[in-house]
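Note sheet for the following structure.
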There are 2 protein chains.
Amino acid sequence: MDKRYLRSIRLLSECMQLFEKASSKRVRALGFTDSQFDIIATLGNTAGMTCKELGEKTLITKGTLTGVLDRLEAKGIIQRERGADRRQLFIKLTEFGEHQFQLSFPEVVNDGRRAFSAYTQTDFTILEEQLMKLKDTLSSHLD
Amino acid sequence: MDKRYLRSIRLLSECMQLFEKASSKRVRALGFTDSQFDIIATLGNTAGMTCKELGEKTLITKGTLTGVLDRLEAKGIIQRERGADRRQLFIKLTEFGEHQFQLSFPEVVNDGRRAFSAYTQTDFTILEEQLMKLKDTLSSHLD
DNA sequence: TATTGTTATACTCTATAACTATA
DNA sequence: TATAGTTATAGAGTATAACAATA
């Protein structure tokens with residue numbers, strides 16, 4: 001059994017861990033949990049989406065999502081609006097939420113920008129190429 | 001402000017999400033939580049380590065770690081042993097835990113192997129090269 | 001005094017299943 | 001009947017700070 005792929009997975013996971021550790025610290029300092037920020041970042045720069053869509057993008061199951069959205073609504077970050085199909089709810093950032101997004105998102109990802117300061121455009125191109133290939137492979141072979 | 005790095009981060013995160021979704025499902029089916037499996041995988045093929053080390057590797061803070069270890073100990077997966085410095089505890093897999101690791105680890109990562117079935121040795125080399133470069137960059141510029 | 005790990009607290013996330021209202 | 005989202009429940013992870021034992 002060829003285990004070479006394990007090295008790639010481990011590297012992938014280590015990169016993600018490094019990035020998440022830094023961003024999680026920022027997010028926490030801003031008064032959000034990782035799940036809450038995940039929602040905010042997903043809703044940012046969109047016209048909003050249904051709970052179903054939001055759950056699929058963030059991997060948060062619907063039962064859990066209600067609670068996370070409740071807390072974000074209590075903070076005035078998001079709002080729920082009935083859709084045409086009256087079973088659906090459209091979730092979107094409030095004006096205040098949009099403001100928070102514009103304010104906090106760059107702060108959270110700014111560490112990332114600094115981290116990549118040594119990358120050239122060519123470096124990015126090669127990295128993106130490999131990650132896209134990886135993503136396609138994983139998409140078509142997992143689940 | 002150059003935002004090109006955001007694309008790389010997003011791709012990285014999407015790859016990780018795909019992989020974690022699949023592995024989380026397996027782990028859950030085996031009766032473990034992600035944190036618990038993280039501990040098991042970290043302790044597997046080692047002689048054990050202190051809580052401090054284990055916490056650093058898994059990013060689980062010490063207060064939380066005690067609870068996770070309690071539940072793994074109750075399941076007979078891990079054991080705590082006093083070290084030479086009697087403030088420290090060495091955490092290691094029990095014989096049963098080692099058995100569970102040998103049994104479950106391949107099952108969890110097997111999806112990964114399948115996912116990479118189309119990768120050639122050259123593909124792996126290039127991917128690993130890019131991920132190592134990324135890891136080095138993130139390591140030296142974050143935190 | 002500093003370090004290692006535990007305890008205590010309060011909150012958040014999680015899975016799951018039953019439920020309501022729409023369709 | 002099927003779908004979208006909520007509610008209910010029990011368990012698990014989380015941050016934080018105070019604590020005990022040891023160094």
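Chain A is the first sequence line, chain B the second, and so forth, proteins listed ahead of strands; every chain is numbered from 1. Please read all numbers here as calculations on a predicted model, not as lab measurements.
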- Item | Arg80(B) side-chain N/O to Phe90(B) backbone N/O, donor-acceptor pair under 3.5 Å | no
- Query: Can you check whether Glu95(B)'s main-chain N or O pairs, donor with acceptor, with His99(B)'s side chain at less than 3.5 Å?
  - Reply: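 It does not hold such a pair.
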- For Thr66(B), which contact category applies under a 4.0 Å heavy-atom criterion: base, sugar-phosphate, or nothing?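 Base contact.
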- Query: Touch check for Thr64(A), heavy atoms < 4.0 angstrom, all strands: base, sugar-phosphate only, or nothing?
  - Reply: base
Would you tell me whether [X] and [Y] have side-chain atoms, one donor and one acceptor, within less than 3.5 Å of each other?
X        : Y         : answer
Arg82(B) : Gln88(B)  : no
Asp34(A) : Ser24(A)  : yes
Lys75(B) : Gln100(B) : no

Nucleotide [N], atom [atom2] - distance to [atom1] of [X] in whole Å:
X        : N       : atom1 : atom2 : answer
Asp34(A) : dC11(C) : CG    : C1'   : 15 Å
Lys52(B) : dA23(D) : NZ    : P     : 17 Å
Asp70(A) : dC13(C) : CG    : P     : 11 Å
Lys62(B) : dA21(D) : NZ    : C1'   : 13 Å
Leu65(B) : dT3(C)  : CG    : P     : 19 Å
Ile60(B) : dT6(C)  : CD1   : P     : 13 Å
Phe32(B) : dG13(D) : CZ    : C1'   : 17 Å
Gln36(A) : dA15(D) : CD    : C1'   : 14 Å

- Given dC11(C), is OP1 or OP2 found less than 4.0 Å from the side-chain N or O atoms of Arg71(A)? no
- Side-chain N or O of Thr61(B) less than 4.0 angstrom from OP1 or OP2 on dT14(D)? no
- Item | 5' precedence on DNA chain D between Ser24(A) and Leu69(A) (nearest-nucleotide basis) |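 Counting from the 5' end, the first nearest nucleotide belongs to Leu69(A).
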- Task: Using the six-membered ring wherever Trp is involved, compare the ring planes of Phe37(B) and Phe32(B) and label them parallel, tilted or perpendicular (cut-offs 30° and 60°).
- Result: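 Phe37(B) and Phe32(B): tilted rings.
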- Message: Do Phe116(B) and Asp123(B) make a side-chain contact, defined as non-hydrogen atoms from C-beta onward lying under 4.5 Å apart?
- Response: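 Result no, sub-4.5 Å side-chain heavy-atom pair not found.
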- DNA chain C-proximal residues of residues 73-92 of chain A, any heavy atom under 4.0 Å: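 Per residue number, the list reads Ala84(A), Asp85(A), Arg86(A), Arg87(A).
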